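One structure below.
Remember, it's a predicted structure, so these values are computed and weren't measured experimentally. Start at 1 with the first residue, then count along the sequence.
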Amino acid sequence: MLAAGDESEVRAAAGRSAEVVDLEGAAVIPGLYDAHIHTANYARALSEVDLRGVRSLEAALARISEHASRLEPGAWLSGGRWNSNTWERPVQPDRYALDSVCPDRPVALPSVDGHTTWANSLALRMTGIDRGTPDPVGGQIVKDADGEPTGILRESAAYPLRDLMTSGDLSAMLRVAQEELLALGLTSVHDIDGEDCRAAYLELRAAGELKLRVHKAIPRDHLEAAIAEGRRTGQGDDWFRTGPVKLFSDGALGSHTCHMSEPFAGTPGNAGIAVTPYPELVRLIGAASAAGIAVATHAIGDLANHLVINAYEAAGSRAVLRHRIEHAQHLRPADIKRMAGLGVVASMQPVHCTSDLDLVSSLLGERDLASYAWRAMLDSGVALAFGSDAPVEHPNPFAALHAAVTRTRPDGRPPGGWQPEQRLSFGEALRAHTFGSAYAAGEERRKGALAEGMLADFLALDTDPFAEPSDALLRTKVLTTVVGGEIRWARS
């Protein structure tokens with residue numbers, strides 16, 4: 001960005017030959033930066049079966065059957081995002097239900113949080129899972145009273161399916177998906193998907209077709225290879241940089257696999273899953289740090305967060321690296337100050353708060369936890385970086401900003417907001433979704449503000465979110481998205 005200021009100042013800096021674009025009074029804010037998004041999964045989901053919003057097993061099966069009718073014979077059926085917690089009969093489905101509509105094609109459908117997979121019998125056979133298959137480290141193969149797999153695979157138990165599932169041209173899918181993201185006002189993303197996604201983005205970059213900026217995470221299973229290749233966090237240019245390695249400490253609340261200090265209400269003996277054992281977590285953090293690679297560790301339960309903070313402290317870190325906790329949903333209050341002292345960034349997704357209110361109440365009850373504690377974190381000096389976790393949630397950043405400032409759902413429930421003392425002002429929420437995400441990536445000198453010397457990434461909006469009531473955020477439309485000083489998307 002060459003200059004920022006009033007019209008006379010900017011005209012003087014730009015020179016007489018500069019083109020003038022009249023925004024006709026539209027509000028302008030910095031480009032929004034999603035600090036945690038699975039863009040490959042989001043791109044694929046645009047053409048996969050979507051089970052969000054269905055309210056029964058029967059409705060889910062009907063939608064699956066209709067989608068299967070449009071596929072080639074024998075092709076994998078993927079997608080999912082089902083949530084049996086909200087079904088009329090909230091029981092988890094099984095493989096026999098899938099077999100009834102897809103007997104001759106493999107099916108693997110992740111739940112809405114991505115931590116439980118519903119597979120049919122053919123998919124289980126293709127991965128070699130049967131009654132004699134033991135649970136893997138960090139996972140569970142759910143079995144019935146007779147010892148037969150039900151088709152529900154938790155956490156690492158579903159990993160073998162990833163190697164078998166096939167999809168189309170990911171570069172072409174991302175080319176379409178980036179248009180959707182630009183239309184929502186996203187100009188930069190921290191992508192959390194795999195090496196195929198990295199290759200696809202580099203292909204778009206080489207072809208001059210990349211329109212939004214990518215900070216690309218390294219998957220855990222590629223860490224050693226990435227170190228051998230000499231990758232390090234921050235390597236690259238303003239369009240594509242290497243990000244942190246993504247590790248997992250636990251699962252998710254909806255799947256009853258986040259790692260808690262106490263068992264979930266109603267399920268004695270189940271306090272979640274430690275996906276990565278603590279000694280291994282310390283080793284991986286140490287190895288990544290020594291190679292100049294920052295670490296982003298998924299942690300949702302209070303014990304998972306506590307152990308990740310312990311591991312960051314035990315492994316030590318280079319001052320230039322900004323380690324992160326992804327989600328950081330339920331913490332012991334004392335651990336917030338520990339995060340601040342260690343400089344650990346909280347990479348959070350505000351819509352998770354409003355989506356999970358009922359689950360938090362039913363599964364966690366009245367525990368002494370700091371849940372989605374944005375205000376407490378900010379006041380304690382923890383850096384906040386906001387994102388969506390799409391396709392778990394929709395990638396619309398204005399929905400995230402609304403959740404952050406109201407702590408209510410779009411319908412206004414609960415009145416006054418859930419734990420309203422943790423709300424943020426709009427300015428604070430916007431900073432977390434712009435500058436905060438840039439800070440998490442070590443890019444705060446290049447992104448996140450409308451200022452001289454920053455990249456010219458900004459949006460024109462149909463409403464002024466600083467002047468309008470918070471409910472207007474849900475109606476806000478992006479008129480123009482500018483990345484690198486060029487209009488990359490405009491509303492027709």
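Within the 4.5 Å cutoff, no side-chain heavy atoms of V344 are placed close to those of I309. By the 4.5 Å heavy-atom criterion applied to side chains, V214 and R205 are not counted as neighbours. Under the 4.5 Å side-chain criterion, counting only non-hydrogen atoms from C-beta, Q329 is in contact with Y372. Counting only heavy atoms from C-beta outward, the side chains of M173 and V176 never approach each other to under 4.5 Å. A heavy-atom distance below 4.5 Å is not found between the side chains of E155 and Q140. For the pair P397 and Y33, the minimum side-chain heavy-atom distance is 4.5 Å or more. Side-chain contact between L450 and P30 is present, with at least one heavy-atom pair separated by less than 4.5 Å. You'll find the side chain of W82 stays beyond 4.5 Å of the side chain of V112, heavy atoms only.
A centroid separation of 6.0 Å or more is found between the aromatic rings of H352 and H36.
In summary, the side chains of T39 and Y201 do present a donor paired with an acceptor at a separation below 3.5 Å, with no hydrogens or angles considered. Side-chain contact annotation: Q419 with S371, donor-acceptor N/O pair under 3.5 Å absent.
Proximity of a side-chain donor or acceptor of T233 to a complementary backbone N or O of A294 within less than 3.5 Å is detected. Listed for the D250 side chain is a donor-acceptor partner under 3.5 Å among the backbone atoms of G301. H298 places a side-chain N or O within donor-acceptor distance of the main-chain N or O of G251, the cut-off being under 3.5 Å. Between the side chain of S388 and the main chain of A390, a donor-acceptor pair closer than 3.5 Å is present. Between the side chain of R324 and the main chain of P244, no donor-acceptor pair closer than 3.5 Å is present. Between the D113 side chain and the A252 main chain, no donor and acceptor come within less than 3.5 Å of each other. S111 contributes a side-chain N or O that, together with a main-chain N or O of T116, makes up a donor-acceptor pair within less than 3.5 Å. Not one N or O on the side chain of N120 forms a donor-acceptor pair closer than 3.5 Å with the backbone of L98. The closest donor-acceptor contact from the side chain of Q422 to the backbone of A376 lies under 3.5 Å.
Legend: residues meeting side-chain hydrogen bond (donor to acceptor under 3.5 Å, both in side chains) with R446, ordered by chain and number and at least two apart, are D238. Under the rule for a side-chain hydrogen bond (donor to acceptor under 3.5 Å, both in side chains), S156 has no partner lying at least two apart in sequence or in another chain.
Rounded to the nearest 0.5 angstrom, Y278 OH and L303 CG are separated by 11.0 Å. In this structure, CD1 on I192 lies 6.5 Å from OG on S347, to the nearest 0.5 angstrom. Rounded to the nearest 0.5 angstrom, I285 CD1 and E313 CD are separated by 11.5 Å. Within the model, atoms OG1 of T406 and CG of L401 stand 10.5 Å from one another, a figure rounded to the nearest 0.5 Å. Distance CE/M377 to CD1/I336: 5.0 Å, rounded to 0.5 Å. Rounding to the nearest 0.5 Å gives a distance of 10.0 Å between CD of E393 and CZ of R81.
The two atoms that bring G427 and F466 nearest to each other are CA-CE2, 4.0 Å, heavy atoms only. Scanning all heavy atoms of the two residues, the minimum distance from L184 to F398 falls at O-CE1, 3.6 Å. Between V91 and S84, the shortest heavy-atom distance links the atoms O-CB, 3.6 Å. Minimum interatomic distance between V49 and S78 (heavy atoms only, all atoms of both residues): CG1-O, 3.2 Å. Heavy-atom minimum distance, V295 versus T297: CG1-OG1, 3.4 Å. Residues N85 and P90 share a closest heavy-atom pair of O-CB, 3.9 Å.
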Given H330 and L253, is the side chain to side chain contact (heavy atoms under 4.5 Å, CB included) satisfied, shown in steps? CA-CA 10 Å; H330 309 289; L253 183 64; 4.1 Å; yes

Before you tell me yes or no, could you show the steps for R198 and D191 under side chain to side chain contact (heavy atoms under 4.5 Å, CB included), namely the whole-Å CA-CA distance, both residues' side-chain angles and the distance that decides it to 0.1 Å? CA-CA 9 Å; R198 179 178 187 269; D191 177 80; over 6 Å; no

Pair R488-L212, side chain to side chain contact (heavy atoms under 4.5 Å, CB included): steps then yes or no: CA-CA 8 Å; R488 306 289 177 167; L212 77 169; over 6 Å; no

For salt bridge (Lys or Arg N to Asp or Glu O under 4.0 Å), just list the numbers for R70 and E66, CA-CA rounded to whole Å, side-chain angles, deciding distance to a tenth of an Å, and then say yes or no. CA-CA 7 Å; R70 303 196 302 268; E66 191 277 332; 2.6 Å; yes

Can you list the steps and then say if N305 with R332 is a side-chain hydrogen bond (donor to acceptor under 3.5 Å, both in side chains)? CA-CA 8 Å; N305 278 282; R332 303 172 186 180; over 6 Å; no

Under the side chain to side chain contact (heavy atoms under 4.5 Å, CB included) criterion, do W118 and I152 qualify, and how do the steps go? CA-CA 5 Å; W118 177 21; I152 293 296; 4.2 Å; yes

Before you tell me yes or no, could you show the steps for K211 and E179 under salt bridge (Lys or Arg N to Asp or Glu O under 4.0 Å), namely the whole-Å CA-CA distance, both residues' side-chain angles and the distance that decides it to 0.1 Å? CA-CA 8 Å; K211 296 182 181 180; E179 297 295 329; 2.6 Å; yes

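More than 12 heavy atoms of other residues, nucleotides or ligands lie within 6.0 Å of CZ in R491, so this atom counts as buried by the packing criterion. The local environment of CZ in R241 is crowded, with over 12 non-hydrogen atoms from other residues, nucleotides or ligands closer than 6.0 Å. Residue E366 places its CD atom among 12 or fewer non-hydrogen atoms of other residues, nucleotides or ligands, all under 6.0 Å distant.
Cation-pi geometry between R55 and W87 is not met at under 6.0 angstrom from the ring centre and within 45 degrees of the axis. Remark: R220 is not positioned above the aromatic ring of F248, lacking an NZ or CZ atom under 6.0 angstrom from the ring centre and at most 45 degrees off the axis. Remark: R407 is positioned above the aromatic ring of W374, its terminal NZ or CZ atom under 6.0 angstrom from the ring centre and at most 45 degrees off the axis.
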Please output the side-chain donor-acceptor pairs of residues 472-484 that fall under 3.5 Å, not counting sequence neighbours, one pair per line with the distance.
from	atom 1	to	atom 2	distance (Å)
T476	OG1	T463	OG1	3.0
T476	OG1	A472	O	2.9
T481	OG1	L182	O	2.7

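The pair E326-K246 does not meet the salt-bridge criterion, since no charged nitrogen lies less than 4.0 angstrom from a carboxylate oxygen. With salt bridges taken as basic N to acidic carboxylate O contacts below 4.0 Å, one links R409 and D358.
Using the six-membered ring where Trp is involved, F386 and H433 have ring planes that are perpendicular, over 60° apart on the 30 and 60° scheme. Between H190 and H215, the ring planes lie tilted relative to each other; the angle falls in the 30° to 60° range.
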